[in-house]
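Below, chain A is the first sequence line, B the second, and so on; all start at residue 1. Quick caveat: nothing in here was measured; it's all calculated off a predicted structure.
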Amino acid sequence: MRERIYAVIQKIPAGQVATYGQVAALAGIPGHARQVGYALSALAEGSPVPWHRVVNARGEISLRSGGSAADLRQRLRLEAEGVVFDAQGRIPLELFRWRPGSRIEVEKAD
DNA sequence: CCACTGACGAGTG
DNA sequence: GCACTCGCCAGTG
(Lines give C-alpha, C1' and ligand atoms only; values in the text may rest on other atoms or scores of the structure.)
Protein backbone atom coordinates (compact mmCIF):
# COMPACT_ATOMS: atom_id res chain seq x y z
CA MET A 1 0.00 0.00 0.00
CA ARG A 2 2.68 2.49 1.00
CA GLU A 3 4.56 1.44 -2.11
CA ARG A 4 1.77 2.91 -4.20
CA ILE A 5 1.95 6.19 -2.38
CA TYR A 6 5.71 6.34 -2.68
CA ALA A 7 5.43 5.70 -6.41
CA VAL A 8 3.18 8.72 -6.85
CA ILE A 9 5.40 10.98 -4.77
CA GLN A 10 8.37 10.03 -6.88
CA LYS A 11 6.49 11.38 -9.88
CA ILE A 12 6.32 14.86 -8.40
CA PRO A 13 8.62 17.12 -10.45
CA ALA A 14 11.17 19.29 -8.68
CA GLY A 15 10.10 22.85 -8.02
CA GLN A 16 6.53 21.80 -7.47
CA VAL A 17 4.55 20.40 -4.58
CA ALA A 18 1.58 18.12 -4.11
CA THR A 19 -0.91 17.93 -1.29
CA TYR A 20 -1.62 14.80 0.70
CA GLY A 21 -5.07 14.54 -0.78
CA GLN A 22 -3.66 14.97 -4.26
CA VAL A 23 -1.12 12.25 -3.77
CA ALA A 24 -3.81 9.99 -2.39
CA ALA A 25 -6.03 10.62 -5.38
CA LEU A 26 -3.19 9.94 -7.80
CA ALA A 27 -2.38 6.79 -5.91
CA GLY A 28 -5.86 5.61 -6.63
CA ILE A 29 -7.19 6.15 -3.12
CA PRO A 30 -8.99 9.53 -3.19
CA GLY A 31 -10.09 10.69 0.23
CA HIS A 32 -7.39 8.75 1.99
CA ALA A 33 -5.06 11.63 2.63
CA ARG A 34 -4.32 10.27 6.09
CA GLN A 35 -2.83 7.13 4.64
CA VAL A 36 -0.45 9.28 2.64
CA GLY A 37 0.75 11.09 5.71
CA TYR A 38 0.94 7.83 7.56
CA ALA A 39 3.01 6.30 4.80
CA LEU A 40 5.41 9.21 4.94
CA SER A 41 5.73 8.88 8.68
CA ALA A 42 6.96 5.36 8.08
CA LEU A 43 9.50 6.52 5.52
CA ALA A 44 13.15 5.85 6.17
CA GLU A 45 15.66 8.69 5.99
CA GLY A 46 17.46 7.06 3.10
CA SER A 47 14.33 6.38 1.09
CA PRO A 48 14.43 7.46 -2.60
CA VAL A 49 11.21 9.36 -2.05
CA PRO A 50 11.07 13.18 -2.37
CA TRP A 51 8.71 13.40 0.61
CA HIS A 52 9.65 17.05 1.06
CA ARG A 53 7.48 17.90 -1.95
CA VAL A 54 4.39 16.76 -0.13
CA VAL A 55 2.56 19.39 1.90
CA ASN A 56 -0.90 19.65 3.41
CA ALA A 57 -3.90 21.31 1.77
CA ARG A 58 -2.93 24.67 3.28
CA GLY A 59 0.43 24.64 1.57
CA GLU A 60 2.19 24.28 4.88
CA ILE A 61 4.78 21.74 5.85
CA SER A 62 3.24 19.08 8.01
CA LEU A 63 5.23 16.81 10.19
CA ARG A 64 5.00 14.28 12.94
CA SER A 65 3.97 15.20 16.44
CA GLY A 66 6.15 17.57 18.34
CA GLY A 67 9.04 19.73 17.25
CA SER A 68 11.41 18.26 14.75
CA ALA A 69 14.22 19.51 12.56
CA ALA A 70 12.80 17.55 9.64
CA ASP A 71 10.40 20.35 8.73
CA LEU A 72 13.22 22.84 8.47
CA ARG A 73 15.15 20.52 6.17
CA GLN A 74 12.05 20.10 4.07
CA ARG A 75 11.61 23.85 3.71
CA LEU A 76 15.24 24.39 2.77
CA ARG A 77 15.05 21.66 0.17
CA LEU A 78 11.97 23.17 -1.42
CA GLU A 79 13.51 26.62 -1.48
CA ALA A 80 16.55 25.07 -3.14
CA GLU A 81 14.24 23.76 -5.87
CA GLY A 82 12.72 27.16 -6.49
CA VAL A 83 9.69 26.94 -4.27
CA VAL A 84 9.03 30.06 -2.24
CA PHE A 85 7.27 30.54 1.07
CA ASP A 86 5.15 33.53 1.98
CA ALA A 87 5.41 35.54 5.17
CA GLN A 88 3.21 32.97 6.83
CA GLY A 89 5.60 30.16 6.07
CA ARG A 90 3.23 28.71 3.54
CA ILE A 91 3.56 27.83 -0.15
CA PRO A 92 1.26 29.55 -2.70
CA LEU A 93 -0.33 26.36 -3.98
CA GLU A 94 -1.95 28.25 -6.81
CA LEU A 95 1.54 28.75 -8.18
CA PHE A 96 3.47 25.67 -7.12
CA ARG A 97 0.89 22.93 -6.97
CA TRP A 98 1.81 20.05 -9.23
CA ARG A 99 -0.54 19.59 -12.15
CA PRO A 100 -0.37 15.98 -13.44
CA GLY A 101 -0.81 15.81 -17.15
CA SER A 102 0.02 19.45 -17.61
CA ARG A 103 2.86 20.58 -19.85
CA ILE A 104 4.33 22.93 -17.32
CA GLU A 105 6.46 20.09 -16.00
CA VAL A 106 9.27 21.18 -18.27
CA GLU A 107 9.10 24.90 -18.68
CA LYS A 108 12.36 25.05 -20.59
CA ALA A 109 10.87 22.94 -23.36
CA ASP A 110 9.13 25.39 -25.57
C1' DC B 1 -8.86 -10.09 16.94
C1' DC B 2 -9.81 -5.39 19.50
C1' DA B 3 -8.61 -0.62 20.52
C1' DC B 4 -5.97 3.39 19.86
C1' DT B 5 -3.22 6.28 16.98
C1' DG B 6 -1.97 9.27 13.26
C1' DA B 7 2.92 14.10 7.97
C1' DC B 8 -5.03 15.00 6.55
C1' DG B 9 -9.35 16.83 3.99
C1' DA B 10 -13.71 18.78 3.33
C1' DG B 11 -17.90 20.74 5.12
C1' DT B 12 -20.42 23.80 8.38
C1' DG B 13 -21.31 27.92 11.48
C1' DG C 1 -10.34 33.06 8.03
C1' DC C 2 -10.86 30.21 12.31
C1' DA C 3 -12.87 26.48 15.33
C1' DC C 4 -15.28 22.20 15.44
C1' DT C 5 -16.90 17.55 13.57
C1' DC C 6 -16.88 13.42 10.85
C1' DG C 7 -14.77 10.23 7.71
C1' DC C 8 -10.83 7.21 6.28
C1' DC C 9 -8.05 2.92 7.20
C1' DA C 10 -3.17 0.89 7.74
C1' DG C 11 0.17 0.02 11.71
C1' DT C 12 1.24 -1.16 16.23
C1' DG C 13 0.68 -3.27 20.95
Once side chain to side chain donor-acceptor pair (under 3.5 Å) is applied, do any residues pair with A/Glu81, and if so which ones, sequence neighbours excluded?
A/His52, A/Arg53

Can you confirm whether more than 12 heavy atoms, excluding those of A/Arg4, are under 6.0 Å from its CZ atom?
no

Residues forming a side-chain contact (heavy atoms from CB on, under 4.5 Å) with A/Ala39, sequence neighbours excluded
A/Arg2, A/Ile5, A/Tyr6

Enumerate, atom names and distances included, each donor-acceptor pair closer than 3.5 Å involving a side-chain atom of residues 82-93 of chain A, sequence neighbours excluded.
unit_1  : atom_1 : unit_2  : atom_2 : d
A/Asp86 : OD1    : A/Gln88 : N      : 2.8
A/Asp86 : OD1    : A/Gly89 : N      : 3.0
A/Asp86 : OD1    : A/Arg90 : N      : 2.7

Residues forming a side chain to side chain donor-acceptor pair (under 3.5 Å) with A/Arg58, sequence neighbours excluded:
none

What residues, two or more places apart in sequence or in another chain, satisfy salt bridge (Lys or Arg N to Asp or Glu O under 4.0 Å) together with A/Arg34?
none

Any residue meeting side chain to side chain donor-acceptor pair (under 3.5 Å) with A/Thr19, in chain and number order, not counting sequence neighbours
none

For DNA chain C, which nucleotides open and close the run of contacts to chain A, 5' to 3', at under 4.0 angstrom from a non-hydrogen atom?
C/dG7 to C/dG11

Hey, which sits more toward the 5' end of DNA chain B by its nearest nucleotide, A/Ala57 or A/Tyr38?
A/Tyr38

Looking at DNA chain B, which of residues 22-34 of chain A put a heavy atom within less than 4.0 Å of it?
A/Ala33, A/Arg34

Just the rounded figure in Å: distance from P of B/dG9 to CZ of A/Arg58.
8 Å

Could you go through the side-chain contact (heavy atoms from CB on, under 4.5 Å) check for A/Trp51 and A/Arg77 one step at a time?
CA-CA 10 Å; A/Trp51 56 271; A/Arg77 276 186 165 184; 4.1 Å; yes

